[in-house]
Amino acid sequence: MNAAEVSRRTGVVLCDCGGTLFDEDTAESIRSRLEFDQSETPVLSVPAACTTEGCKAIRAMIEKLQLDRLVVAGCSPSKNERTIRALASEGRIAEGHVVPLNIRETIFLPPDGRGIAGAENRIVAATRAIRRGVRSAAAIEDIETIEVPVEQSALVVGDGECADVALCELSRLGVPATLVTSREAVPETVSRLDAEVHTGARVSAVDGFVGSFTVSIASANGGDPHSAPTECGAIIIAPDPWHEGAGDLGAACRSESDAVVGLADLLDAWESLPRIPRTRSVAIVLDREIDETKASTELACEIALRLQRESVCQVHVLCRDVRVASLHLEALYDRARDAGVAFVKYSGNLTVSPAGEEVTVGCIDDVLGARLELRCDLVAVSAFGLRREHPERTGEAARIAALLRVDLDELGYAQGNNVHLFPVQTNVPGVFVAGAARGEHYLPQAVEDAKAAAVEAHTIVARPVMRIENSGARVDEEKCAICLTCIRVCPHRAMRIDREKGVAENLPAACRKCGICAGECPAGAITLPVYTTESVLARLG
Amino acid sequence: MDKFVVLGAGVTGMTAASELSRLGADVSVIEESSVAGGHVASYCCKATDSCTRCGVCIAHTKLAESLRDERVRLYTASKVESFASGDESVHVRITQRQPAIDYSRCTACGACLRACPVGCIETYDRGGFTQYVIDYDRCLLQTEGSCAACLDACDFDAISAGSQKRRHTVSGASVLIATGHSPFAAESKARYGYGRHKKVMTGLDAEQALSTAAHFGDPGEDVAFVQCVGSRDPVIGRNFCSGVCCAYALRLARMLKYRNADMSVTVYYIDLQNFDKHFTSLRREIEDLGVSLVRGLPFRIDEDPDGRLSMTVEKADGEATVVKHDRVVLSIGIDRRPDANAVAELFGLARDEYGFYASAVPRVYVGGTCRAPMSIPESISAARAVAAEMWSAG
């Protein structure tokens, strides 16, 4: 008997919910009105489906009556999720073969709630919903559980502390990990880990999907991969907050003056800061074109404090707002001011005009409401206040994200406007972002992100196989013209071309069953087994 | 040992519990109130025609997920009596007020609610998960010592109400303190008149109001938001930024103006904190909508005879001006809970000058807003991070 000949056996569960939903009389009333053959499609009352007793009863029902489709007439599907998941994990019924009907919240709640008035009306409405549910269930295609092997290791890409923390956390969780960094050397905390570390390296190519990524690693200054590709199950992009996302200083400053530098240059010269020659007046400029984060305020305060205290110069910090949203930052700001650093909050345009050996910074002081012209020996502009629109940005994290086809917003940050991906997920299953890759430049927070990303990666690679239902998109070989539309529209990168068969195919591990491919395919070659046209229309009546 | 204890069922505690459960452990969560969710559960979505990434919805999702988790055992209405720490484990003795609901058995049928003779049970729907709030001050079992109406009505053995209190000892390899915060008591800034002036409200009041209505009072009202109430204030010994107030106030101001184009909305601030990766464009959008962002806070608010509010603002040159508005929203910050000292003593926690916790003894971890002011996505990241730490330490 082949698959097409085995008939689909649908059963209906009437959840009695302690007698408040389908009590005996109501259940009987519904049974008498249902117009289908109840020996073919049994309709049974069970104790509350969300309890262990209910689960037991449904299990017995499925076994005894050989059911492969189920309509659960009860309350909110989320309440019965646990029961259905338990039964699915036992292999009794596929989750995708269960049609949940929220009869309680939409029909049976008291009239002052969202229910329908009148007992008779409620029974009629419930009967109609159940009838539709049964037709819908019968139109769902066959779904099985498949096993997708998982590469039980993770890859971390990034320079700096954020990536190092991700690697350490993975190590603590017992996940074999690889680090790819352009740095020539890594700290001892990293080198003594039992992890594969590629220094002076970059990711040159990526293929695959969650559970089975293949990553090619090449030398940081170009050239072919110097070793065989690395396999991993999850990828974490954790760039260095000090560099990722910085704008182009040269273009914005547009000056040939030595007196205008980047704030990062002052940081690099930290040790010798107090001995910078000929500085009597220093201006640190933040928020030049875009608003900066508390990471910049903290850095500016630290540098200003050091200069003000330890050398003979007056430091001005010019910013649009002082960002101190972290417990100790207000105190740091106070210390800087107490030491004599002058903070200027400006609005509107800020000009940096070199004139001989000096530079004049001009702006409107927002507090005094007056124009300010500062003559300085040295102006340090923070590159994070400079706009750099994607795709001109040269940040490594953005480049790798693009390789992985992670959606980036107009500033080059991952996650777009999808808050459901927060804190560290991306639209591509198995790829996680931490810190500056998602617009979080403050190091302590970037570090928390890195740990959270490691935990997410662990979720994926902890087991050697993923047991999932193959309820993802299905492509009709006859109709597929390999137009690549599905590949372009899939937000989760879950479609690819099988060149041998000459057809598009779905990657079950990555598919999120959103249905966009099915909707967009010009040939109508794609269906979702749970949401076939027939099953959807049946639900609508 | 694969068991852990979490104190506090807010977004941090419940996210950590979910994560520990996923890692294979059993988790006992102790919650003081009769429902899980903490403060986040009462926050609203701040979207207009676009999402502003406030994180309230993901917190509700996390909460619902953890409430459905079989390995997470929630003890509501519970107070910690004692804490003991051994070489390999911790033990927390708690007293649980009754009646108490076991959400792993509850079917949300509402029978208990209907059976209660004094109506002290109310539905609490968050993230698609129904809980029940019990008002113990009115409950007959608590006030008169006997009543079992809810217990009798429940067909699912989900309510315990055999006595006024029940004692439990919960044990685990370690405990996470995630007791959260209290919103700053606006009435302590006496010159702002919260509690005296009718139309002075807090950001929390505003949040509640806007979650069910398009505006606060009359549609034509002139509304002002005053930032940094209880934060960045060395005079009252709170010299730190709470971080979350610029985030919620600007989003609420945007919502209000978007829904009521003719309404005048002003935000008075010291500095605007950068709370979102698209802050610059969000700020421009808010200004384009017509919200006025004005630097400078009032130092007092008086109520005029006609009910309007007069705010006295001191400008940079020392001159005081008076601005008038119909309604003022005080953006209150994060303060410690009233029982913060008691909990800190029980668990040997270190406290900074503001009362925020740090762990000081082995097997005790700290996370969430009891540790430092933080936003919802930050709390979720922190919860995951600390759960991993607890699990790795074993």
Side-chain angles (χ1 to χ4, degrees), chain A residues 17-21 48 50-51 75-76 78-79 81-82 104 169 172-174 289-294 320-331 334 345 366-369 409-411 413 415 417-420 422-424 438-440 445 447-449 451-452 454-456 458-459 462, chain B residues 19 22-23 50-51 53-55 57-58 61 64 68 70 105 107-111 128-130 154-156 232 234 239-244 246 269-280 283 295-296 315-317 352 354 356 372-373 377-378 380-382 384-385 387-389 391-392:
Chain A
C17 197
T20 61
L21 187 54
C50 58
T51 59
C75 67
S76 161
S78 60
K79 266 228 137 331
E81 208 176 62
R82 204 165 63 187
R104 186 174 81 181
E169 195 62 30
R172 257 201 339 185
L173 291 166
E289 291 168 3
I290 57 174
D291 293 283
E292 301 191 48
T293 65
K294 56 202 177 197
R320 291 188 200 274
D321 291 285
V322 178
R323 328 266 183 192
V324 286
S326 182
L327 210 44
H328 70 285
L329 286 181
E330 184 80 45
D334 283 347
K345 298 183 198 181
D366 201 38
V367 176
L368 297 175
D409 63 24
E410 67 270 13
L411 294 176
Y413 297 131
Q415 302 176 319
N417 197 24
N418 189 347
V419 73
H420 293 280
F422 281 28
V424 292
R438 51 180 294 257
E440 180 58 73
Q445 192 52 47
V447 159
E448 293 284 85
D449 281 355
K451 291 180 185 172
V455 168
E456 293 259 25
H458 176 270
T459 311
Chain B
E19 200 57 55
R22 186 194 61 74
L23 288 162
S50 60
C51 166
R53 297 166 294 278
C54 68
C57 54
I58 55 175
T61 310
R68 286 200 287 272
E70 276 179 325
R105 308 185 66 90
T107 64
C109 67
F129 192 95
T130 305
C154 180
D155 271 330
F156 301 103
R232 304 196 74 187
N239 198 26
F240 64 92
C241 169
S242 290
V244 299
C246 280
Y269 67 96
I270 304 176
D271 295 291
L272 287 179
Q273 300 306 310
N274 184 335
F275 55 85
D276 179 74
K277 59 176 179 162
H278 293 157
F279 177 76
T280 299
R283 184 198 167 135
R295 184 165 252 139
K315 294 207 314 235
D317 57 7
D352 73 2
Y354 307 117
F356 290 110
E378 286 169 353
I380 294 174
S381 268
R384 286 228 179 86
E389 216 184 307
W391 185 79
S392 304

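All chains are named by letter (A, B, ...) in the order of the sequence lines, taking the proteins before the strands, and each is independently numbered beginning at 1. Basis for what follows: all heavy atoms, side chains included, without hydrogens, waters or symmetry-related copies.
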If I take atom [atom1] from residue [X] and atom [atom2] from residue [Y], how far apart are they, to the nearest 0.5 angstrom?
X      : Y      : atom1 : atom2 : value
A:L173 : B:W391 : CG    : CH2   : 6.0 Å
A:L21  : B:C109 : CG    : SG    : 10.0 Å
A:D291 : B:D276 : CG    : CG    : 11.0 Å
A:D321 : B:L272 : CG    : CG    : 4.5 Å

Find the one option among [options] whose heavy-atom pairs under 4.5 Å with chain B are most numerous.
options                : value
A:N417, A:L329, A:V367 : A:N417
A:L368, A:D366, A:T51  : A:D366
A:V424, A:T459, A:V447 : A:T459
A:R323, A:R438, A:K451 : A:R323
A:H458, A:E440, A:Q415 : A:H458
A:H420, A:Q445, A:H328 : A:Q445

Set out, in order, the CA-CA distance, both residues' side-chain angles and the distance that settles side-chain contact (heavy atoms from CB on, under 4.5 Å) for B:R22 and A:V455, then state yes or no.
CA-CA 10 Å; B:R22 186 194 61 74; A:V455 168; 3.5 Å; yes

Quick check: does any side chain N or O of B:Q273 sit under 3.5 Å from a backbone N or O of A:V322, one acting as donor and the other as acceptor?
yes

Pick one of side chain, backbone, both or neither for [X], based on which atoms fall under 4.5 Å of a heavy atom in chain B.
X      : result
A:D334 : side chain
A:R172 : both
A:R320 : backbone
A:E292 : backbone

At a 4.5 Å cut-off on heavy atoms, which part of [X] comes close to chain A: side chain, backbone, both, or neither?
X      : value
B:R68  : both
B:R295 : side chain
B:E19  : side chain
B:D352 : side chain
B:A387 : neither
B:L23  : side chain

If only side-chain N and O atoms count, and only distance matters, is there a donor-acceptor pair under 3.5 Å linking B:N274 with A:T293?
no

Which atoms form the tightest heavy-atom contact between [X] and [Y], and what is the distance?
X      : Y      : value
A:E448 : B:A385 : OE1-CB, 3.9 Å
B:T107 : A:A48  : CG2-CB, 3.8 Å
A:V419 : B:R53  : CG2-CA, 3.7 Å
A:K345 : B:D271 : NZ-OD1, 2.9 Å
B:F156 : A:C17  : CZ-C, 3.4 Å

Would a 4.5 Å heavy-atom cut-off, applied to side chains only, mark A:L411 and B:K277 as touching?
no

Quick check: do B:R232 and A:E330 have side-chain heavy atoms less than 4.5 Å from each other?
yes

Determine the option with the most heavy-atom pairs under 4.5 angstrom with chain A, choosing from [options].
options                       : answer
B:I270, B:N239, B:I380        : B:N239
B:H278, B:R105, B:E389        : B:H278
B:A372, B:A111, B:P377, B:C51 : B:C51

For B:F275, does the six-membered ring have the charged nitrogen or CZ of A:K294 within the cation-pi criterion, i.e. under 6.0 angstrom from the centroid and within 45° of the normal?
no

